[in-house]
Amino acid sequence: MKNLKLEFFKCRRRGVLPVCLGLLAAQFVWMGVFLAREESPAPDGWKLLLYNLPLVDAILLPLTAAVLASRSGETEHKGSALKLLETMATPGQLYAAKFFWGALVLAGVLLVRSAAFMLLGFELGYGQPPFLRWAAFTLLSWVVSLVLYALQQGLSLRFANQAPALIAGLSGSFLGLLSLLFPLGVQRCLPWGYYGLMLLVRMEWDPVTRATSFFWREPEALDLGLLCLWGGLFLLAGRALFVKKEV
Amino acid sequence: MLMRILRTEGIKFRRAPVWAAFLLLPVLPAVLGTGNYLANLGVLPNQWYSLWTQHTLFSSYFFLPALLGVFCSWEWYLEHSGHNMHALLSFPAPPWALCLGKLLPALGISFLSQAVTGGLFLLSGSLIGLTDPVPPELPEWLVCGALGGMAVCAVQLSLSLLLRSFAVPVALALLGSIAGLMLTAQGLGLYFPYSLLALGMRANNPSMELDIRVLVVSSLVYTLLFTLLSIRLLSGRDAPAE
């Protein structure tokens, strides 16, 4: 608990809040422009929002996770703080504190994001928000982002040079987006593709009438299991690399 | 003077694998783009031109500008690490030469990434057996893309120098690219630095009529403006004790 509190102190004035606000602003502007163009499909409004928001997530959240992990990891490398820190706490405890810090920051951002979009949808006349679906969506985006954060934290702490971590985050953003165009088998092999696999809405396009319909769906149990597997793998590998690292 | 600084920068790059990202990572859009092209042959009838749209789909909008941002971040990260900024500022060289010493390698990387993109495009087209002749406009697309990339590098170098952070300028590059996409949709892309790369490459629209003079002038103006800003920032800088 003390270690976790220290992580928040360490990240003061390190641009974490502007990064989070930037993410929220980008999502809000992007989706705002997109929704403003739609012909207010009131009954399907929430489905339209929950179908498109994960696609924006797939572009923005992998890099956001990379930036947050990098800000947290870089502070130790720049200050050559790890040698001193590891005389006071075990590397495992430090790793856990940093992970929980990232989990809390991501949870905060995604909760604010969901609240803001529910408000936006309500203002656009979509009616009463489907609160349970929004809760599930927030939870699922958080879990996928956390899995990616685990990967990024491993890289950011392992390498003092933040380039590999940022390049991995960027490639993830790119692969996550493109994986949405590929078959399920390919998506499952890419941890960044899980924003698409966790979609709560599916779309059907009728080529004859050229009409688009949205339906609620639930993520497959296999995908949820695989996501947990990816998370466990990244956490264990990242922790092992950090714990064994000579500081 | 400048040559000596460039040689010094070259020594800093030795055994640093950052440039390798620009050789290896364009493989991702090439492979995925070719796969997408083969999966959608019915709606993509224009052979090389259609393949080009798939190769540049998203990569030139989001991926390449931010990747150039990583390189620029890394260039200043070297100086922001330890006490290197003290050494840099006490180096008997004017700030303009130090800033050009950062910009010119970034420009080289911008051209390298375009050359690799072009090479992979030709390789993919040959491997999947495209029979039409290669588009004669390809060199123009690549050179214009690299010039757009130069403007992105100038902006990113200023941001990295100012913010002294590795990751935040890269995030700003992604945000800038998204803003660039929106401005391009409004027809204002030629006046925004992050849109120039994708516009220069004619991403997603190889038949686009583009006033190349405006693109070149816009790229040069942004490069000049932000390089002057970097010089100003470096001239008034005290090396932080980190």
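Convention: sequence-line order gives letters A, B, ...; per-chain numbering from 1. The figures here come from the full heavy-atom set of this structure, side chains too, leaving out hydrogens, waters and symmetry mates. It should be emphasised that the depicted structure is a prediction, and the values quoted were computed from it without experimental measurement.
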Only pairs of heavy atoms separated by less than 4.5 Å count here; which of B/Ala167, B/Ala185, B/Ala171 has the most with chain A? B/Ala167

Would B/Phe166 and A/Asn161 count as a side-chain contact (heavy atoms from CB on, under 4.5 Å) here? Give the steps. CA-CA 9 Å; B/Phe166 198 114; A/Asn161 182 353; 3.8 Å; yes

Which portion of B/Leu175 sits near chain A, non-hydrogen atoms under 4.5 angstrom: side chain

For a side-chain contact (heavy atoms from CB on, under 4.5 Å) check, start with the C-alpha distance between A/Ser173 and B/Phe63, then their side-chain angles and the critical distance, and finish with the verdict. CA-CA 8 Å; A/Ser173 282; B/Phe63 190 53; over 6 Å; no

Chain B interface, residue from A/Ser70, A/Ala163, A/Ala26 that has the most non-hydrogen pairs under 4.5 Å: A/Ala163

Would you compute the distance between atom CG of A/Leu170 and atom CG of B/Leu67 and round it to the nearest 0.5 angstrom? 6.0 Å

Need one label for B/Ser73: side chain, backbone, both or neither, based on atoms under 4.5 Å from any heavy atom in chain A. neither

Under 4.5 Å from a heavy atom of chain B, the part of A/Val186 involved: neither

Please say whether more than 12 non-hydrogen atoms of neighbouring residues, nucleotides or ligands are located less than 6.0 Å from OH in B/Tyr191. no

If one checks every heavy atom of B/Leu32 against chain A at 4.5 Å, the contacting part turns out to be both

Side-chain contact, heavy-atom cut-off 4.5 Å: A/Glu74 with B/Tyr77? yes

So what's closer than 4.5 Å to chain B heavy atoms on A/Ala160: side chain, backbone, both or neither? both

With B/Val170, the side-chain contact (heavy atoms from CB on, under 4.5 Å) member among A/Ile167, A/Val67, A/Leu63: A/Leu63

Side-chain contact test, heavy atoms from C-beta onward, threshold under 4.5 Å: evaluate it for B/Val168 versus A/Arg71 and give yes or no. yes

State, with a plain yes or no, whether a side-chain heavy atom of B/Trp74 is found less than 4.5 Å away from one of A/Leu166. no

Side chain, backbone, both or neither: which part of A/Leu68 has a non-hydrogen atom closer than 4.5 Å to chain B? neither

Matching residue for B/Ile178 among A/Leu60, A/Val29, A/Val56 - test: side-chain contact (heavy atoms from CB on, under 4.5 Å): A/Leu60

When rounded to the nearest 0.5 angstrom, what distance separates OG1 in A/Thr64 from CG in B/Leu174? 7.5 Å

